[in-house]
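Notes to accompany the following structure.
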Amino acid sequence: MKEKAELSLLFKEFQGAIKRKDEYEIGIKHLLEFRKELWEIYQFIFDNVNEEEYSLMPLAKDKTIAYFLYHLTRIEDIPSNTLILDQEQIFYKNDYQKRIQSPISTTGNEIPREQLVEFSKQLNIDELKNYITDVFQNTNKLIENMTLKESRTKVSEERKEKLIALNSVSTDEKAFWLVDYWCKKNYRGLMLMPFSRHQFLHLNGCLRIYRKLRKIKK
C-alpha cells in the first residue's frame, strides 16, 4: 500500500494528463493505477478492521469508517450511473438498501454527527463490502471505455432532472448542493472528483480512524 505522498503524486500525474489531448490515454492509465492503489486501501480496511470498529468515532473531526465507506460508494454510484451511463444505480438494481440494511438511500451528507454511530451500527458490513466492490468495478469499466470526446460531454439537463426525481440526494442543504456541483461538470470533471480525489480524501480519513483505534488499544 503506497504512502499518502506517493498517491498524491500519482493523482497529480493523472490530473494533468487527462486535460491534454495528446496525453489523455496516459491520464486514463494513471487514473486506473491510482484507483488500483485506492483499492488496496479498501482491502486493508476489509482485512484489518473488525465489525465493531466500523461504527466507532474516536476522532473529533472524522466520522466512522462505515459511514465513510457508505458515503464514498453512493457518491460514486450516483454520478457514474445516473449522470454518465444513464442506467440504473447499482444500489437500486441489486437491492442494496435492503441488503445493507441502510435506513437511507441518499449520500448521507445530511446525517447529523450525533447520529453517525447509530447509523453505522445498522449497516450490514459484509453487504456493504459487496456494494463497494460492485460499484468500484463498474466505475473502472466506465473509465476504461471513456473516450476523449466523451470526457468533454457536459451533464445534460435531462439527467439532472432524473437525478433529482430519484431522491438519491437529500433536499437538506447539507446535501442538495451536490446536484448542482455534479451537474455543472463534464465527465472529465466527475473523474477528477467523485472517482478519484473524493475517494482519496475519505479513505485517508478511514486510515486515520484505524490508526487512532490501534493506538487506543495499545
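Summarising the geometry, atom CD1 belonging to I26 is positioned 14.0 Å from atom CG belonging to L31; distances are rounded to the nearest 0.5 Å. Distance check: L207 CG to K212 NZ gives 15.5 Å after rounding to the nearest 0.5 Å. The CZ atom of F200 sits 9.5 Å away from atom CG of L10, with the distance rounded to the nearest 0.5 Å. Residue I125 holds its CD1 atom at 9.0 Å from CD1 of I100, rounded to the nearest 0.5 Å. L56 contributes atom CG, which lies 8.0 Å from atom NZ of K121 (distance to the nearest 0.5 angstrom). L72 contributes atom CG, which lies 10.0 Å from atom CZ of F136 (distance to the nearest 0.5 angstrom).
Contact annotation: the side chain of M146 never approaches that of R188 to less than 4.5 Å [non-hydrogen atoms, C-beta and beyond]. You'll find the side chain of L148 stays beyond 4.5 Å of the side chain of E25, heavy atoms only. Looking only at side-chain heavy atoms (C-beta outward), I28 and E144 stay at 4.5 Å or farther from each other. Two residues are said to be in side-chain contact when any heavy atoms from C-beta on lie closer than 4.5 Å; L32 and N140 meet this criterion. Contact check for E150 versus N145: no side-chain heavy atoms found under the 4.5 Å cut-off. Within the 4.5 Å cutoff, the side chain of Q122 has no heavy atoms near those of the Q101 side chain. Contact annotation: the side chain of Y24 approaches that of I18 to within less than 4.5 Å [non-hydrogen atoms, C-beta and beyond]. Two residues are said to be in side-chain contact when any heavy atoms from C-beta on lie closer than 4.5 Å; N81 and E76 fail this criterion.
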### Message
Run the side-chain contact (heavy atoms from CB on, under 4.5 Å) test on L7 and N204 for me, step by step, so that the C-alpha distance in whole Å, both residues' side-chain angles and the decisive distance to 0.1 Å come before the verdict.
### Response
CA-CA 11 Å; L7 280 173; N204 272 292; 5.5 Å; no
### Audit row: M57, I209, side-chain contact (heavy atoms from CB on, under 4.5 Å) steps and yes/no
CA-CA 7 Å; M57 196 160 56; I209 295 168; over 6 Å; no
### Message
Applying side-chain contact (heavy atoms from CB on, under 4.5 Å) to E6 and L9, what does each step give before you reach the verdict?
### Response
CA-CA 5 Å; E6 293 177 283; L9 182 61; 5.8 Å; no
### Verdict with reasoning, N138 to L85, per side-chain contact (heavy atoms from CB on, under 4.5 Å)
CA-CA 10 Å; N138 181 74; L85 294 171; 4.1 Å; yes
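Contact between S80 and L142 at its shortest, heavy atoms only, is O-CD1, 3.6 Å. Listed here is the closest heavy atom pair of I111 and I104: CD1-CD1, 3.7 Å. When all heavy atoms of C206 and L69 are compared, the pair lying nearest together is SG-CD2, 4.0 Å. Contact detail for T107 and I75: the closest heavy-atom pair is CG2-CD1, 3.8 Å. Contact record, L38 with L203: O-CD1, 3.8 Å, taken as the closest heavy-atom pair. Residue R214 comes nearest to V49 through the heavy atom pair NH2-CA, 4.5 Å, listed as atom of the first residue, atom of the second, then distance.
Remark: the E127 side chain and the N130 side chain contain an N/O donor-acceptor pair separated by less than 3.5 Å. No hydrogens or angles considered: a donor-acceptor pair under 3.5 Å links the side chains of E110 and T106.
Taking the six-membered ring for Trp and the full ring otherwise, the centers of F44 and Y210 sit less than 6.0 Å from each other. F91 and Y96 have their aromatic ring centers separated by at least 6.0 angstrom.
Judged as a side-chain hydrogen bond (donor to acceptor under 3.5 Å, both in side chains), the pairs with a partner in residues 12-21 (not counting sequence neighbours) are, in order, R20-E23.
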Side-chain donor-acceptor distances from residues 60-68 under 3.5 Å, at least two apart:
{"residue": "D62", "atom": "OD1", "partner": "R208", "partner atom": "NH2", "Å": "3.1"}
{"residue": "D62", "atom": "OD2", "partner": "R208", "partner atom": "NE", "Å": "2.9"}
{"residue": "D62", "atom": "OD2", "partner": "R208", "partner atom": "NH2", "Å": "3.4"}
{"residue": "T64", "atom": "OG1", "partner": "Y67", "partner atom": "N", "Å": "2.9"}
{"residue": "T64", "atom": "OG1", "partner": "S120", "partner atom": "OG", "Å": "2.6"}
{"residue": "Y67", "atom": "OH", "partner": "G108", "partner atom": "O", "Å": "3.1"}

Solution key, residues 164-172 side-chain donor-acceptor pairs under 3.5 Å, sequence neighbours excluded:
{"residue": "S168", "atom": "OG", "partner": "Q89", "partner atom": "NE2", "Å": "3.1"}
{"residue": "S168", "atom": "OG", "partner": "Y92", "partner atom": "OH", "Å": "2.8"}
{"residue": "S170", "atom": "OG", "partner": "D172", "partner atom": "N", "Å": "3.0"}
{"residue": "D172", "atom": "OD1", "partner": "K174", "partner atom": "N", "Å": "2.7"}

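For E51, the CD atom is loosely surrounded, since the number of other residues' heavy atoms within 6.0 Å does not exceed 12. Heavy atoms of other residues, nucleotides or ligands lying less than 6.0 angstrom from CD of E52 number 12 at most.
Cation-pi geometry between R99 and Y131 is not satisfied (NZ or CZ under 6.0 Å from the ring centre, within 45° of the ring normal).
A donor-acceptor pair under 3.5 Å links the side-chain atoms of R159 to the main chain of I84, judged by distance alone. In this structure, the side chain of S196 engages the main chain of M191 through a donor-acceptor pair within 3.5 Å.
Applying the side chain to side chain donor-acceptor pair (under 3.5 Å) criterion to D95, with sequence neighbours excluded, gives no partner residue. For D180, the side chain to side chain contact (heavy atoms under 4.5 Å, CB included) partners are K160, K184, not counting sequence neighbours. Applying the side chain to side chain donor-acceptor pair (under 3.5 Å) test to E37 and every residue at least two apart in sequence or in another chain returns K2.
Exactly one residue among F14, W39, F11 makes a ring-ring contact (aromatic ring centres under 6.0 Å, His included) with F34. That residue is F11.
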